[in-house]
Amino acid sequence: MADASKDIVDGFPGDKKIIVVFVLGGPGSGKGTQCAKIVQHFNFTHLSAGDLLRAEITSGSRNGVMIQNMMNEGKIIPPEVTIKLLRRAMLDSANDKFLIDGFPRDEENRAAFENITKIEPEFVLYLDCPEDELERRILSRNQGRADDNTETMRKRFRVFKESTLPVIMHYDLKGKVRKVDAAKPVDEVFEDVKVIFAPLIAKV
Ligand code: UDP
Ligand code: MG
């Protein structure tokens, strides 16, 4: 699609009020699963940062090898790469409501996203789940992901605690975190998620 608005460096076309909800939680906390259900019920567009990065690997892009190597170590890919993918996906969509799943994973990504897009999230959905349950889920799910092995999983847990929890803290101080108990079965978690999204939809 040729569209002049895609050439702008910063921000978004000004006439569109864009609503973003960040969905965060440890690896295996059910971000993708809950996002799929939110999409069905509340008409959001789901953007998984991890899936966008994995698509870059399979497309054979210039950054693919770097992304793959970092992912295999559970490391966070530089923000300019991930934000470019997210921003392009948002501009390509006709929707104005986005669930951004698995991002921002650290304070650097958070600050860069806000600076570049000028968007602050409406709120952050935090899927809270104890590590032993996360471990059980990751080791039993079979999605062919190279990073779903015991060694990488432990690194991802550490990165979540050291780098992503501070992002959640940042938004918590602004009263923007909506926490749910994600250790429960999928449908029970979604019951709690629905309560959180219902007022947002009524408002817009
Ligand atoms: N990743 C990243 N930046 C992001 C999202 C993901 O660098 O904004 C990388 C990181 O290496 C992470 C991996 O992609 O460990 C998988 O992320 P995903 O969200 O798919 O994993 P999940 O947390 O859902 O298991
Ligand atoms: Mg995921």
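Order of listing sets the numbers, starting from 1, for every ligand and every atom in it. Heads up: numbering here begins at 1 and tracks the sequence. In this text the structure is predicted, and so the values were computed from the model without any measurement.
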**Q** Salt bridge check, Glu135 against Arg154: does any charged N sit closer than 4.0 Å to a carboxylate O?
**A**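 Between Glu135 and Arg154 there is a salt bridge, with a charged N closer than 4.0 Å to a carboxylate O.
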
**Q** One residue to check: Asp147. Relative to ligand 1, which of side chain, backbone, both or neither has a non-hydrogen atom less than 4.0 Å away?
**A**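 Just the side chain.
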
**Q** In terms of residue, atom name and distance, what is the protein heavy atom nearest to atom 17 (O) of ligand 1?
**A**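 Looking at atom 17 (O) of ligand 1, the protein heavy atom closest to it is Arg105 NH2, 3.3 Å.
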
**Q** Are Asn109 and Asp106 linked by a side-chain donor-acceptor pair shorter than 3.5 Å?
**A**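 Indeed, the side chains of Asn109 and Asp106 share at least one donor-acceptor pair under 3.5 Å.
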
**Q** Tell me, which protein residue and heavy-atom name are nearest atom 25 (O) of ligand 1, and how many Å apart are they?
**A**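 For this ligand atom, the closest protein heavy atom is Arg156 NH2, 2.6 Å.
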
**Q** Between Phe44 and Phe197 (judged by ring centroids, cut-off 6.0 Å), do the two rings come close enough to count as a pair?
**A**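 So the answer is yes for these two rings.
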
**Q** I'd like to know if the side chain of Ser163 and the backbone of Phe160 have a donor-acceptor N/O pair within less than 3.5 Å.
**A**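 Between the backbone of Phe160 and the side chain of Ser163 there is no qualifying donor-acceptor contact (under 3.5 Å).
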
**Q** With a cut-off of 4.0 Å, which atoms of ligand 1 are near a heavy atom of Pro27?
**A**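 This gives 23 (O), 25 (O) as the contact atoms.
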
**Q** Examine the proximity of ligand 1 to Ile77 and report which part, side chain or backbone, both or neither, has a heavy atom under 4.0 Å away.
**A**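 Contact part for Ile77 vs ligand 1: both backbone and side chain.
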
**Q** Considering heavy atoms of the protein only, find what lies nearest to atom 10 (C) of ligand 1 and give residue, atom and distance to 0.1 Å.
**A**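 Here the nearest protein heavy atom works out to Lys75 O, 3.3 Å.
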
**Q** Do the non-hydrogen side-chain atoms of Arg54 and Met71 ever get within less than 4.5 Å of each other?
**A**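 When only atoms from C-beta onward are counted, Met71 and Arg54 do touch, with a gap below 4.5 Å.
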
**Q** Return a yes/no value for Asp101: is any of its N or O atoms, backbone included, closer than 3.5 angstrom to an N or O of ligand 1?
**A**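 The answer is no, given that Asp101 and ligand 1 share no N or O pair closer than 3.5 Å.
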
**Q** I'd like to check Arg141 versus Asp148 (side-chain heavy atoms, cut-off strictly below 4.5 Å). Are they in contact?
**A**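 Of all side-chain heavy-atom pairs linking Asp148 with Arg141, at least one is under 4.5 Å.
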
**Q** Nearest heavy atom to atom 3 (N) of ligand 1 wins, so pick from Asp51, Leu53, Leu85.
**A**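 Result: the heavy atom closest to atom 3 (N) of ligand 1 is in Leu53.
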
**Q** Looking at atom 14 (O) of ligand 1, what's its closest protein heavy atom, distance included?
**A**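 Checked against all protein heavy atoms, atom 14 (O) of ligand 1 sits closest to Met71 CE, 3.2 Å.
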
**Q** Is the distance between the ring centroids of His46 and Phe98 under 6.0 Å?
**A**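 Ring centroids of His46 and Phe98 are no less than 6.0 Å from each other.
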
**Q** Which residue supplies the protein heavy atom nearest to atom 21 (O) of ligand 1, what is that atom called, and how far is it?
**A**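 I find the closest protein heavy atom is Arg145 NH2, 3.1 Å.
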
**Q** Judged by non-hydrogen atoms, does Arg54 sit under 4.0 Å from ligand 1?
**A**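 Under 4.0 Å: yes for Arg54.
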
**Q** Distance under 4.0 Å to a non-hydrogen atom of Ala49: what atoms of ligand 1 satisfy this?
**A**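 Within the 4.0 Å cut-off of Ala49, ligand 1 contributes 4 (C), 5 (C), 8 (O).
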
**Q** I need the atoms of ligand 1 closer than 4.0 Å to a non-hydrogen atom of Lys31, numbered in the order shown.
**A**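 Selected atoms, number and element: 22 (P), 23 (O), 24 (O).
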
**Q** Could you tell me, atom by atom, which parts of ligand 1 come under 4.0 Å of a heavy atom of Thr82?
**A**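 Numbered from 1, ligand 1 contributes 8 (O).
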
**Q** Does any non-hydrogen side-chain atom of Phe113 lie less than 4.5 Å from one of Pro104?
**A**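 Pro104 vs Phe113: side chains apart.
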
**Q** Identify, for atom 8 (O) of ligand 1, the protein heavy atom at the shortest distance, and state residue, atom and that distance.
**A**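 The closest one turns out to be Phe103 CD1, 3.3 Å.
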
**Q** Applying side chain to side chain donor-acceptor pair (under 3.5 Å), run through Thr45 and Asn95 and close with a yes or a no.
**A** CA-CA 7 Å; Thr45 293; Asn95 204 347; 2.9 Å; yes

**Q** Does Asn149 CG have over 12 foreign heavy atoms under 6.0 Å away?
**A**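 Yes, enclosed.
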
**Q** Which atoms from ligand 1 have a heavy atom of Gly102 less than 4.0 Å away?
**A**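 The atoms of ligand 1 under 4.0 Å from a heavy atom of Gly102 are 4 (C), 5 (C), 8 (O).
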
**Q** Would Arg141 count as being in polar contact with ligand 1, using the rule that some N or O on each side must be under 3.5 angstrom apart?
**A**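 Yes, there is a polar N/O contact under 3.5 Å.
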
**Q** Any side-chain heavy atom of Lys174 sitting closer than 4.5 Å to one from Glu120?
**A**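 Side-chain contact under 4.5 Å: yes.
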
